[in-house]
Amino acid sequence: MLDIKFIRENPDIVRNACRVKNFPDVVDELLMTDARVRELKTITQTMTAEKNKISREIPSATDKAPLIQRSKEISDEIANDMAELATAEEKLNDLMHRVPQIPAASAPIGADDTANTVVKTVGTPRKFDFTPRPQWDLLDMNNWWMPEKIANTCGTRVYALCGELAELELAVQTYVIQKLIGKGFKYIDCPSITKPQTIFNAGHFIGSDMSVMNNDVFMLTDTDRCLAGTSEIIMNSLFAGEILPESELPLKFAGFSPCFRREAGAAGRDTRGLVRVHQFKKVEQFIFCRPEDSDEMHELLLNNLCEIMVDLELPYRVIANSTGDMGFNKVKMNDVEAWIPSEGTYRELGSCSSIGTFQARRTNTRFRENGTNEVKFVATLNNTGIALPRALVPIIENHQNPDGSVNIPKCLQPLMGGRTKIGGSH
RNA sequence: GGAGUCGUCGCAUAGUUGGUCUAGUGCGCCACAUUGGAAAUGUGGUAUACCGGCAACGGUAUCAAGGGUUCGAAUCCCUUCGACUCCGCCA
């Protein structure tokens with residue numbers, strides 16, 4: 001959500017944002033509705049002020065009847081305008097939730113991911129002297145998963161890791177959490193069950209009708225709860241309605257949670273393997289900060305993920321996502337992609353997003369500025385810490401040996417009891 | 001799941017026979033005074049959002065949230081949410 005004053009004063013900037021982000025332009029309708037709301041507010045408030053004045057006079061009046069009569073008349077007049085005001089406010093509220101966040105000037109302009117640009121490429125893809133196996137072959141060879149059994153038992157797009165790879169998954173998770181704790185992030189073990197409002201607060205969806213989430217979110221039947229697709233949404237709503245002291249900012253969190261996604265829009269894509277599943281696990285970085293610190297925090301979050309790529313000894317690249325690819329609520333977005341040998345390409349492992357005050361306006365999370373004592377909205381940012389099991393795909397493919405075994409990145413070896421490799425015939 | 005208590009301005013509290021409560025008090029916080037400096041003390045101030053206004057300022061709303069009764073609701077009624085205490089059940 002944007003500031004209504006900003007929209008009034010900069011309609012062209014907002015119209016342009018709608019255009020480059022590929023969302024319908026509702027600015028004119030919004031401004032007309034806003035004008036009507038303000039007009040009705042002025043009218044009803046003036047009448048209410050008079051009614052209140054009369055009510056205050058009644059207790060001490062000698063002849064109460066005429067005052068009560070007049071007060072009733074005003075009430076009737078107000079009721080009509082209030083009804084229209086309520087309708088207009090509801091419409092305005094919905095329109096406000098259809099206006100996308102303004103993208104950063106630095107973001108590439110384009111309709112979709114074909115307009116994305118590569119910011120940097122780090123590491124050189126390994127030259128194999130044998131044909132590298134795809135993830136599923138390595139999983140099969142080492143009995144690291146049980147795809148048929150799980151598909152029959154739990155359905156498709158669900159996985160179960162077993163044996164040493166399950167151990168490695170836990171090691172990666174632990175490694176990343178400990179690394180972020182070491183960088184001053186507060187570790188939160190987040191729940192996955194939440195209220196739809198929490199998802200709405202995160203601002204990924206357009207409009208005020210929450211049914212639009214149905215393609216993406218698992219609802220829990222016969223309850224008012226749903227399953228969170230990421231702990232980002234939980235952390236984002238953690239301080240809803242609060243005014244934080246500026247001295248507490250920036251607040252840095254490392255949230256861990258199981259994540260649930262319907263993937264209804266991805267039918268047929270990545271059905272094999274560990275890349276796209278209904279239930280996965282994710283360590284998520286989340287920051288609340290002063291708006292002026294957003295860019296610095298964005299770099300910090302992005303750098304953390306880049307370090308993790310290096311620690312895991314993965315060739316990777318950083319993408320600047322285009323305006324059409326970054327989504328409704330974002331100012332700036334950088335995907336981090338790891339090299340996948342079997343596909344000969346890079347694939348997304350994480351996504352670093354700067355949201356500005358867009359989410360904070362929905363959650364009403366603010367801070368009190370030190371010198372001026374002014375209350376302002378905080379800025380929020382998020383980035384993946386590690387997504388599992390997806391991150392295991394480049395790990396096992398890049399570090400595989402001809403016999404199907406996988407070398408363990410050095411940083412994970414202490415967490416694996418000192419082992420240097422898993423799988424194969426050893 | 002059953003029974004009960006309860007949600008007031010940062011914190012703690014007063015206020016529940018509806019009307020000087022546009023919410024009192026204490027603590028905290030800010031400013032000023034006093035002081036060599038501090039403590040203590042004194043005085044004043046201390047919410048958020050929105051509407052109108054160049055501004056000073058005026059107005060409206062908010063006593064968990066929403067709705068209702070009433071000329072008028074922190075106070076009465078209903079619904080929802082949340083907290084606590086017992087009981088039951090259970091990893």
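Model, not experiment: these values are computed from the prediction. Letters A, B, ... mirror the listed sequences (proteins, then strands); counts begin at 1.
Listed by chain and residue number, A/R15 satisfy the salt bridge (Lys or Arg N to Asp or Glu O under 4.0 Å) test with A/D12 (two or more places apart in sequence, or in another chain). The side-chain contact (heavy atoms from CB on, under 4.5 Å) search around A/K51 returns A/S71, A/I74, A/S75, A/I78, not counting sequence neighbours. Residues satisfying the side-chain contact (heavy atoms from CB on, under 4.5 Å) test with A/S237, not counting sequence neighbours, are A/T198, A/N201, A/T363. A/R56 pairs by the salt bridge (Lys or Arg N to Asp or Glu O under 4.0 Å) definition with nothing, not counting sequence neighbours. By the side-chain contact (heavy atoms from CB on, under 4.5 Å) test, A/T87 pairs with no residue at all, sequence neighbours left out. The ring-ring contact (aromatic ring centres under 6.0 Å, His included) check on A/H204 picks up nothing, with sequence neighbours excluded. A/E292 pairs by the side-chain contact (heavy atoms from CB on, under 4.5 Å) definition with A/R290, not counting sequence neighbours. Considering only residues two or more places apart in sequence or on other chains, A/H278 meets the ring-ring contact (aromatic ring centres under 6.0 Å, His included) condition with A/F218.
Residue pairs meeting the side chain to side chain donor-acceptor pair (under 3.5 Å) criterion with at least one partner in residues 253-267 of chain A, sequence neighbours excluded, are A/E263-A/R276.
Look at the P atom in both B/U35 and B/U13: the space between them is 39 Å, to the nearest Å. As rounded to the nearest Å, B/G59 and B/G2 have P atoms that lie 49 Å from one another. Spacing of P atoms, B/C77 relative to B/U69, comes out at 15 Å, to the nearest Å. Between B/U48 and B/U8, the two C1' atoms lie 16 Å apart (nearest whole Å). The same atom, C1', is picked in B/A73 and in B/G19; the two are 10 Å apart, to the nearest Å. Rounded to whole Å, the separation between the P atoms of B/C27 and B/U79 comes to 41 Å. Rounded to a whole angstrom, the distance from the P atom of B/C71 to that of B/U16 is 24 Å. Nucleotides B/U25 and B/U80 have their P atoms positioned 38 Å apart, rounded to a whole Å.
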*What string of B, S and - do you get for nucleotides 65-77 of chain B 5' to 3' if you count protein non-hydrogen atoms under 4.0 Å?*
------BS-----

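Between A/R366 atom CZ and B/A47 atom P there is a gap of 14 Å when expressed in whole angstrom units. Here B/A47 presents its C1' atom at 15 Å from CD of A/E242, a figure rounded to the nearest Å. At whole-Å resolution of the value, CD1 in A/I4 and P in B/C50 are 11 Å apart. Rounded to whole Å, atom C1' of B/A61 lies 18 Å from atom CD1 of A/I43.
A heavy atom lying under 4.0 Å from RNA chain B marks none of the residues of residues 77-102 of chain A.
For B/C81, the paired nucleotide is B/G7, the pair qualifying as Watson-Crick or G-U wobble because both relevant distances are below 3.5 Å. For B/C32, the paired nucleotide is B/G42, the pair qualifying as Watson-Crick or G-U wobble because both relevant distances are below 3.5 Å. Taking a pair to require two hydrogen-bonding distances under 3.5 Å in either a Watson-Crick or a G-U wobble arrangement, B/A49 pairs with B/U60. Using N1 to N3 plus N6-O4 or O6-N4 for Watson-Crick, or N1-O2 and O6-N3 for G-U wobble, each under 3.5 Å, B/C76 pairs with B/G68. Both distances falling under 3.5 Å, in either a Watson-Crick or a G-U wobble arrangement, occur for no nucleotide opposite B/U16. With a cut-off of 3.5 Å on both pairing distances, B/C54 has no Watson-Crick or G-U wobble partner at all. Searching all strands for a Watson-Crick or G-U wobble partner of B/U22 with both distances below 3.5 Å returns nothing. Pairing partner, B/C86: B/G2, with both Watson-Crick or wobble hydrogen-bond distances short of 3.5 Å.
When each of A/N364 and A/R38 is assigned the nucleotide of RNA chain B bearing its nearest heavy atom, the one mapping closer to the 5' terminus is A/N364.
The phosphate of B/G10 (OP1 or OP2) has no side-chain N or O of A/R368 nearer than 4.0 angstrom.
A salt bridge links A/R70 with A/E73: the closest approach of a Lys/Arg side-chain nitrogen to an acidic carboxylate oxygen falls below 4.0 angstrom.
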Would you tabulate the pairs of protein nitrogen or oxygen atoms and nucleotide nitrogen or oxygen atoms of nucleotides 54-60 of chain B closer than 3.5 angstrom?
residue: B/G59; atom: N2; partner: A/Q45; partner atom: OE1; Å: 3.0
residue: B/U60; atom: OP1; partner: A/N52; partner atom: ND2; Å: 3.3

